[in-house]
2 protein chains.
Amino acid sequence: MGTVSKALSLLTHFNHGRLEIGLSDLTRLSGMNKATVYRLMGELQEQGVVEQIEEARSYRLGPQVLRLAALREASVPILSASRRVLRELSEATGETTHLSLLQGDQLASLSHAYAPQHATKVMMEDAEVLTFHGTASGLAVLGFAEPAFVDAVLARPLEARTPQTQTDPQVVRAQITEVQRCGIAQSVGGFEAEVHSHAVPIFGPDRAVLGALAVAAPTSRMSAAQRVAIPQALQAAGLALTHRIGGVCPPHFPTGLAA
Amino acid sequence: MGTVSKALSLLTHFNHGRLEIGLSDLTRLSGMNKATVYRLMGELQEQGVVEQIEEARSYRLGPQVLRLAALREASVPILSASRRVLRELSEATGETTHLSLLQGDQLASLSHAYAPQHATKVMMEDAEVLTFHGTASGLAVLGFAEPAFVDAVLARPLEARTPQTQTDPQVVRAQITEVQRCGIAQSVGGFEAEVHSHAVPIFGPDRAVLGALAVAAPTSRMSAAQRVAIPQALQAAGLALTHRIGGVCPPHFPTGLAA
DNA sequence: AACCAATGGTTCACATAATGAACCATCAAG
DNA sequence: CTTGATGGTTCATTATGTGAACCATTGGTT
């Protein structure tokens, strides 16, 4: 692995539960040598990608990433395009909606909207990394990703986030086949207990899957009516978002008209 | 310079006018060897920091930066804190407002708001890199930055963006002194012709300057009334934003009450 | 068709730059 | 006044990055 990859892989250890990481922790998390981590973080800091907090001496992400993200949005305005779609979908379904995007071999939830209707709702945080096998979004992506990618994901050990999480690769493959048939994925309690999620894939201009659009509802609110209404609204919203970003569905993608 | 710094410095060549860069262009822009640029970009691509466009083979920023930016906002929610302040300041002044943040030795405009009142307004793009000597925001930052930083900035050649741009370091130093006295900076046509800008610095918890809050108006609309109203509203908004992000003004900062 | 000047991509001898075990300084707790 | 954390530093070893020169492809010119 090149030095640049090593340095950037250090950034993968930052997440919502670990916004600040000290040198020793980062050394342990990465498995690298302490001196190496120290120098790499020093270089990342010079470039403003991370910054060191005065008192604690721990590191957090730096201001430079904001500029890069703004330019990414200028290139591919998928987040801004998603906001309206998410808001309308939340209003239509009365539930929390979110958009997740593929980032290499990770799937991260990057934008969300809450419905005003209910006091209880599924809460979301942006930049949360989702599992492929335990979330509707992950399954929706796997259903339309390269077979080699699916194999790579299922070759890794499948973590059980809840007692309901499916960790048998065979079962997950069966779910993927079902997703390919319907064009929509479901997960009941696979990531968070008591959450029933639906998700549809989003495609880019090259017909490759970019991520997924999802509706997450408390299981208690999944009435028979919602079981019909949510997939319908979601499939329409997914097609709309794919369209708005100049994306094209693959030829065999079921648009839900036959569902 | 370390390899990591070299790789990350390639990213500085992306901006609003150059969202996609080919290998040869990037080689020229960076002054590095073509093979080096090729390998570095390959590594950045592996990590999702950049991605290569199929047809053109040129590079653009990748999806990974969105995740990093979301986490940065979770650590230091300066952009989300700024949005309300910007909107209210735009409404109060009737002009375009924007926030710029220091990113190492660069100042980038990262968030803005337009006023609904007028058909003509100063247009802004996020992630635009501002000059220190030719913008009110830049001068506001220099006025409260480390003296060594000011020296470094003024040691570089000062580019003239417009015929009105001040490029004499002596004159700029005089302007900085004035900024330190008043707590507010001005620039008339120093970056874009026909634009009169005011700016105030924003401070972090360690009393260091983080960036600047600015109001940009067409020179034609800078009436005597506005010349009083804009600085007043801007200084109040600047203090409010510094406060909202947990920042503290340095002890000698003029709050405008004596202006 | 032959030519030229671009482009992106690849090779390999060479030298620079990264590595990691061991080190020091500091701190807080026992 | 140990013990075990932490962040930070050193330096001999070697792995890694480098760049001149190369190839392949494309698109425009004569």
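In this text the structure is predicted, and so the values were computed from the model without any measurement. Below, chain A is the first sequence line, B the second, and so on; all start at residue 1.
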Notebook entry, point to check: Distance check: side-chain N/O of B/T36 vs OP1/OP2 of D/dG17, anything under 4.0 Å?
Noted result: no
Margin query: Please report whether the ring centroid of A/F144 lies less than 6.0 Å from that of A/F149.
Written below: no
Notebook entry, point to check: Closest to the B/N33 side chain: D/dA20, D/dT18, C/dG8?
Noted result: D/dA20
Check: So does B/Y38 get a side-chain nitrogen or oxygen closer than 4.0 Å to the phosphate oxygens (OP1/OP2) of C/dT10?
Finding: yes
Checklist line | A/G22 or B/G2, whichever maps to the more 5' nucleotide of DNA chain D | finding: A/G22
Next item on the list: Check whether any side-chain N or O of A/R39 sits under 4.0 Å from OP1 or OP2 of D/dT10, and answer yes or no.
Entry: no
Notebook entry, point to check: Quick one: do B/R72 and A/E51 make a salt bridge, cutoff under 4.0 Å?
Noted result: yes
Note to self: Please confirm whether the shortest side-chain N or O distance from B/R57 to OP1 or OP2 of C/dG9 is below 4.0 Å.
What the structure shows: yes
Check: Among the nucleotides C/dT11, C/dG8, C/dA18, which one has an atom lying closest to any side-chain atom of B/K34?
Finding: C/dG8
Next item on the list: Kindly say if A/T3 contacts the phosphate of D/dT16, meaning a side-chain N or O under 4.0 Å from OP1 or OP2.
Entry: no
Check: Looking at the rings of A/F253 and A/F203, which for Trp means the six-membered one, are their centres under 6.0 Å apart?
Finding: yes
Next item on the list: Among D/dG8, C/dT11, D/dT18, find the nucleotide with the atom closest to the side chain of B/K6.
Entry: D/dT18
Item checked: Derivation and outcome, salt bridge (Lys or Arg N to Asp or Glu O under 4.0 Å), residues A/R156 and A/D105 -> CA-CA 11 Å; A/R156 297 184 288 209; A/D105 57 351; 3.4 Å; yes
Next item on the list: Counting heavy atoms from C-beta on, name the nucleotide in C/dG20, C/dT7, C/dA18 closest to the side chain of B/R28.
Entry: C/dT7
